[in-house]
J.: 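Sharing a structure below in structure tokens format, with a few things to ask.
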Amino acid sequence: MARKPADQISSLQTRDALWAAIRNFGRPFTARELRIETRCTTSQTGEYLIGLTAAGILSAHQETGSGVPHPAKIYTLVNDCGIEAPRVRRDGSEVTQGRGREQLWETMRIFSSFSSADLAVFASTEEHPVAAGEARIYCATLAAAGYLRKHANGTYTLIKRTGPKPPQIQRTKQVYDPNLGEIVWKEQVSA
Amino acid sequence: MTQNHDNINTIAPLSNVGLLLGEVSSAISYCRENGGMFVAFHGHAGYGKTTACNYVRAKVRGYRVECCDHWTRKSLLRAILYEMSIPAANNVAEMFDQAVEQLRLSGRPLILDEADHLAKNSCMEMVRGLMDKSRVCVVLSGEELLMKKLERWERVHSRILKPVAAQPADANDLRVLAKLYCTGVAVGQDWLDELMKQTGGNTRRVVVNLNRARNEAAALGTISLQTWGERGWYTGHSPAPRKAV
């Protein structure tokens, strides 16, 4: 099943919720216990546990010799890496999608006033280059959503600071701010 | 001589950026084994320290906080927790524990920009405490006198792994900056040489002049000393006082 847009997911059904629950247990746990603690689906919970185990953040072992035919796997948190939920794929590799946006938003917060071309340069690293076009679209959308003010010479000023997480442009042409947890702008469809 | 510019799209080739990234990277691996240490990045205003810090922050995924003069310990901790997206507790002791835990577990370095503002008793000892308890590398970036100011706190000064001095832009940096700010414009070496002389390699002033060159490029075609003529330079010098009538 395709993933729902960020604003339609309850905060109890996210990886953040799974990760917070894993940290709160403070003891070994099973997939079932984790699922009950949050409101995530079996497959979502399972996927995340597989990824975290592959990344070496959890260790999994099977209880044997208890006479139960199919004992549940028991997971232990071995590498707690802080409040931010690790973004891992099934094979344990790190998801870096969105790093460019993160860099753009951080750079905006530092420089306050900028052109989109300069912003792209300052936000780029070799691993995560930001294309000039991407910076232009991000700036234009955030300006429409009231985060930036556009000046006559094409530069922008940041006028709304909501937090460290970058506002997301969703495919449905709306802006979701994860700092506020709400939709802050929707594209006006002309009738 | 004129140059045509390749498309460079990061600030990585700038010497200050490379310098800071190198030192912070080695400090991170040192801290992992030996406990937290400071990297002090000092240099005059306009040398590109903040820009270098931003690049390094993106590379190492650090938490970056820009400090203010009026801050108390509580405001500093609140700003650090804000960057971590952690709802701050009510008192300083609990906030301190929150910040230490997140730094220790994530292992992400803390970058304190404008750190000279922290050079007061209340803050500096707390920053050292954060670093000691979390065992992460803390980058203090500040003005030229930062190192001198930190001498007052022996426990802080002795934990500076390496002082890193921000340098004025050199000839190569000027070429890189010209490529970044005047993409697609042919900029003559003679013009760049004069730019160096006029600005003393102060990156901020260099950039102001490059932005002017970009705006003029449409009219001038190529930028050289000859086409630039009497357009003048932004040097940052204050005008001479006027004589009273």
Side-chain angles (χ1 to χ4, degrees), chain A residues 16 19-20 22-23 57 77-87 94 96 98-115 117-135 153-155 161-166 177-181, chain B residues 7-14 17-18 21 48-66 79-87 98-108 111 113-114 134 136 141 176-177 179-184 204 207 210-211 214-215:
Chain A
D16 286 344
W19 178 244
I22 290 171
R23 294 185 75 209
I57 293 166
L77 180 58
V78 287
N79 181 16
D80 185 354
C81 44
I83 191 163
E84 206 179 319
R87 304 180 66 202
E94 198 188 1
T96 55
R99 202 62 75 75
R101 285 281 160 80
E102 194 180 291
Q103 285 160 205
L104 279 174
W105 179 240
E106 176 74 17
T107 310
M108 283 181 185
R109 295 201 297 139
I110 293 178
F111 292 100
S112 296
S113 252
F114 42 81
S115 71
D118 291 350
L119 193 69
V121 169
F122 286 126
S124 287
T125 60
E126 293 79 5
E127 295 85 358
H128 307 286
V130 179
E134 196 193 333
N153 62 0
T155 61
R161 293 166 184 261
T162 51
K165 294 179 191 162
D177 190 328
N179 301 298
L180 308 171
Chain B
N7 195 16
I8 299 184
N9 53 8
T10 77
I11 56 167
L14 294 175
V17 175
L21 181 62
K49 295 187 298 294
T50 296
T51 312
C53 279
N54 182 37
Y55 178 83
V56 170
R57 184 210 64 82
K59 284 290 257 201
V60 302
R61 297 211 78 210
Y63 293 110
R64 180 188 167 281
V65 170
E66 195 171 314
I80 294 172
L81 291 170
Y82 175 84
E83 289 303 318
M84 295 169 168
S85 299
I86 297 178
Q98 287 178 305
V100 165
E101 184 184 66
Q102 175 60 16
L103 286 174
R104 183 173 56 83
L105 293 175
S106 67
R108 286 162 68 171
I111 300 172
D113 205 351
E114 315 275 358
S134 63
V136 296
S141 169
V176 174
L177 287 167
K179 281 180 196 174
L180 292 178
Y181 282 91
C182 300
T183 316
R204 187 170 293 148
V207 167
L210 285 170
N211 272 329
R214 178 173 56 190
N215 295 337

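Letters go in sequence order (proteins before strands), and every chain restarts at 1. The basis for the numbers below is simple: all heavy atoms, side chains too, and nothing from hydrogens, waters or symmetry mates.
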J.: By a 4.5 Å heavy-atom criterion (distance strictly below it), what part of A:Asp118 contacts chain B: side chain, backbone, both, or neither?
T.: side chain

J.: Between A:Glu127 and B:Lys59, does at least one N-O distance fall below 4.0 Å, as a salt bridge requires?
T.: yes

J.: Looking at B:Cys53, B:Ser85, B:Ala58, which makes the most heavy-atom pairs under 4.5 Å with chain A?
T.: B:Ser85

J.: Determine the option with the most heavy-atom pairs under 4.5 angstrom with chain A, choosing from B:Arg61, B:Glu66, B:Glu83.
T.: B:Arg61

J.: Against chain A, label B:Arg57 side chain, backbone, both or neither, depending on which of its atoms sit under 4.5 Å from a heavy atom there.
T.: side chain

J.: Going from CE on B:Met84 to CG on B:Leu103, what distance comes out if it is rounded to the nearest 0.5 angstrom?
T.: 3.5 Å

J.: So, taking the atom named OG1 in A:Thr96 and the one named CZ in A:Arg87, what distance separates them when rounded to the nearest 0.5 Å?
T.: 8.0 Å

J.: How many angstroms lie between atom SG of A:Cys81 and atom CD1 of A:Ile57, to the nearest 0.5 angstrom?
T.: 4.5 Å

J.: Taking side chain as everything from C-beta outward and backbone as N, CA, C, O, which of these in B:Glu101 sits under 4.5 Å from a heavy atom of chain A? Side chain, backbone, both or neither.
T.: side chain

J.: Can a cation-pi geometry be assigned to B:Arg108 and B:Tyr63, taking NZ or CZ under 6.0 Å from the six-membered ring centre and within 45° of the ring axis?
T.: yes

J.: Looking at chain B, which one of A:Glu84, A:Arg109, A:Glu102, A:Glu126 has the largest number of heavy-atom pairs inside 4.5 Å, strictly under?
T.: A:Glu126

